[in-house]
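Along the sequence shown, residues are numbered consecutively beginning with 1. Since the structure is predicted, the reported quantities are computational estimates derived from the model, not experimental observations.
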Amino acid sequence: MAGILVWFWNERFWLPHNVTWADLKSTEESTFPQAEDLYLAIPLAFCIFCIRLFFERFIAKPCALALKIQASGPQKAQHNAILEKVFTSITKHPDEKRLDGLSKQLDWDVRNIQRWFRQRRNQEKPSTLTRFCESMWKFTFNLYIFTYGFRYLKKQLTSDLHYYYLVELSFYWSLMFSQFTDIKRKDFGIMFLHHLAAISLITFSYANNMVRVGTLVMGLHDMAEVLLEAAKMANYSKCQKLCDLLFVVFALVFLIARLGVFPLWILNTTLFESWEIVGPYPSWWVFNLLLVLLQFLHLFWSYLIIKIACKAICKGKIGKWNPLHVSKDDRSDIESSSDEEDSVSWTKHSQNPSSNGISSNGMNGYLMGAAVSEEH
């Protein structure tokens, strides 16, 4: 194990030429980051995760209920053993050929089978209350850590900045673990890559004593996240005007910070100014490549934000649009209700009850008004 650690913390990878770990030992006159401090992040991440569970259950949930946010999720699909087996073992999105086969096997209309699969997919989606609790936790943590870290943007490493770094790193580790149980969205892969890049950047900047750059990057991200989660909470609480206002402010802050400040100030410093000061070395290349990767992620999310705004402008719905609607958010995977499908009349197959999961009302296990359309 000791040999692996020696190999991992190789000075020629992590440090500039003619600099050793001994040169970065803290003294009474100066304080430097110590690489071994990073080991504390994993147990601290577990503690943050436990705090999150407590917060969501005993603080966020009562707040949501006080705001009359619904705890119930989407309507459950009528139990059908054959369709359930297909859903869990084969596919959640059957193609036309499989739908025709199931239609003949169950004596159901194809449209009714499509509705069953949509309802069954929706059944696995979290309730609005669950979404509110998740957003409230992220809002509270990001607001706390941003206001705490903002005071140290111009300072070198102190005990307070050391704490700020470890808590941020632990938070991203907790997100890395919890994202597999959190609400699944369409950009799951992008968010996984973002968390991985964030953890790597925090680690590299701390080990390389680039704490001022790291603090600026974390501050820029936390500032926008606070506004985004606040907008989501307003949306879930059905405070539409507040949601619209917060989203506009979030979009402006996001675009200015991540398409302006980040590339023109931070990337310029780490790529060009640091080249002249310390010159490139292996971990310097990795660190800057991660920053460039982060900038590409910023471009992707900026595209989504602009896309949402353009849709609203083109449809002439400014003042009425809902940019973060649960069923229409570009990051959401919820399938919304459709008035059109509710009005569709049942075909003659629905009039022939069969023993294959059809309820006694002759509706093939469906109630009028329970139909759900899929959003692509």
Side-chain angles (χ1 to χ4, degrees), residues 31-33 37-38 40-41 44-45 48 135-176 191 193-233 246-274 287-302 305:
T31 303
F32 295 100
D37 295 340
L38 298 172
L40 297 174
L44 189 56
I48 290 177
S135 289
M136 186 172 179
W137 159 250
K138 292 181 179 179
F139 167 80
T140 303
F141 181 88
N142 283 306
L143 179 62
Y144 161 71
I145 204 66
F146 171 72
T147 53
Y148 183 90
F150 183 78
R151 298 176 297 170
Y152 306 103
L153 290 179
K154 294 184 179 181
K155 295 183 179 181
Q156 295 296 332
L157 187 69
T158 64
S159 59
D160 292 321
L161 194 54
H162 165 87
Y163 165 82
Y164 174 61
Y165 245 82
L166 284 182
V167 172
E168 281 276 17
L169 179 59
S170 302
F171 177 67
Y172 279 106
W173 271 118
S174 71
L175 290 180
M176 180 69 78
M191 289 304 298
L193 184 61
H194 171 267
H195 296 335
L196 190 61
I199 290 171
S200 301
L201 281 168
I202 295 173
T203 300
F204 274 80
S205 64
Y206 190 81
N208 284 333
N209 195 26
M210 295 184 179
V211 291
R212 292 187 65 183
V213 173
T215 304
L216 285 169
V217 173
M218 291 187 292
L220 285 177
H221 284 73
D222 293 336
M223 178 171 51
E225 288 297 322
V226 170
L227 294 168
L228 176 61
E229 299 304 334
K232 289 182 179 180
M233 291 166 57
L246 288 170
F247 181 81
V248 170
V249 176
F250 156 75
L252 292 175
V253 170
F254 187 98
L255 295 175
I256 293 172
R258 305 197 189 188
L259 297 187
V261 176
F262 186 86
L264 299 179
W265 184 11
I266 296 178
L267 277 182
N268 179 64
T269 299
T270 60
L271 280 173
F272 303 109
E273 294 181 10
S274 67
F287 181 68
N288 280 283
L289 285 174
L290 289 171
L291 287 175
V292 172
L293 171 62
L294 196 58
Q295 181 59 32
F296 278 109
L297 294 177
H298 293 166
L299 291 171
F300 171 75
W301 282 314
S302 297
I305 293 171

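- Remark: I199 CD1 to M176 CE distance equals 4.0 Å, nearest 0.5 Å.
- N142 contributes atom CG, which lies 5.0 Å from atom CZ of F171 (distance to the nearest 0.5 angstrom).
- Using a 4.5 Å heavy-atom cutoff, the side chains of L193 and L293 are in contact.
- Contact check for E168 versus D222: side-chain heavy atoms found under the 4.5 Å cut-off.
- Closest approach of L290 and L201 over heavy atoms only: CB-CD2, 3.4 Å.
- Taking CE of M233 as the start and OG1 of T140 as the end, the distance is 6.5 Å to the nearest 0.5 Å.
- Here the CZ atom belonging to F247 is positioned 11.5 Å from the CG atom belonging to L227, to the nearest 0.5 angstrom.
- The only option from Y164, Y165, Y163 that meets the side-chain contact (heavy atoms from CB on, under 4.5 Å) definition with V167 turns out to be Y163.
- A heavy-atom distance below 4.5 Å is found between the side chains of L259 and Q295.
- For the pair E225 (side chain) and L220 (backbone), a donor-acceptor distance under 3.5 Å is absent.
- In this structure, CG on L216 lies 13.0 Å from CE on M210, to the nearest 0.5 angstrom.
- Heavy atoms only, all atoms of each residue included: S170 and A45 are closest at O-CB, 3.3 Å.
- In this structure the side chain of H221 reaches within 4.5 angstrom of the side chain of H194, judged on heavy atoms.
- You'll find the side chain of F262 reaches within 4.5 Å of the side chain of L291, heavy atoms only.
- Heavy-atom minimum distance, A251 versus I305: CB-CG2, 3.6 Å.
- To the nearest 0.5 Å, atom CD1 of residue I266 and atom OG1 of residue T270 are 8.0 Å apart.
- Within the 4.5 Å cutoff, no side-chain heavy atoms of E229 are placed close to those of F250.
- F300 has its side chain out of reach of F296: every pair of non-hydrogen atoms, C-beta onward, lies at least 4.5 Å apart.
- V211 and T215 get closest at one heavy-atom pair: O-OG1, 2.6 Å.
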Test side-chain contact (heavy atoms from CB on, under 4.5 Å) on K138 and L175 and set out the steps. CA-CA 10 Å; K138 292 181 179 179; L175 290 180; 4.3 Å; yes
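- At least one side-chain heavy atom of P263 sits under 4.5 Å from a side-chain heavy atom of L267.
- Ring geometry, F254 versus H298: the interplanar angle exceeds 60°, so the pair is classed perpendicular (tilted spans 30 to 60°).
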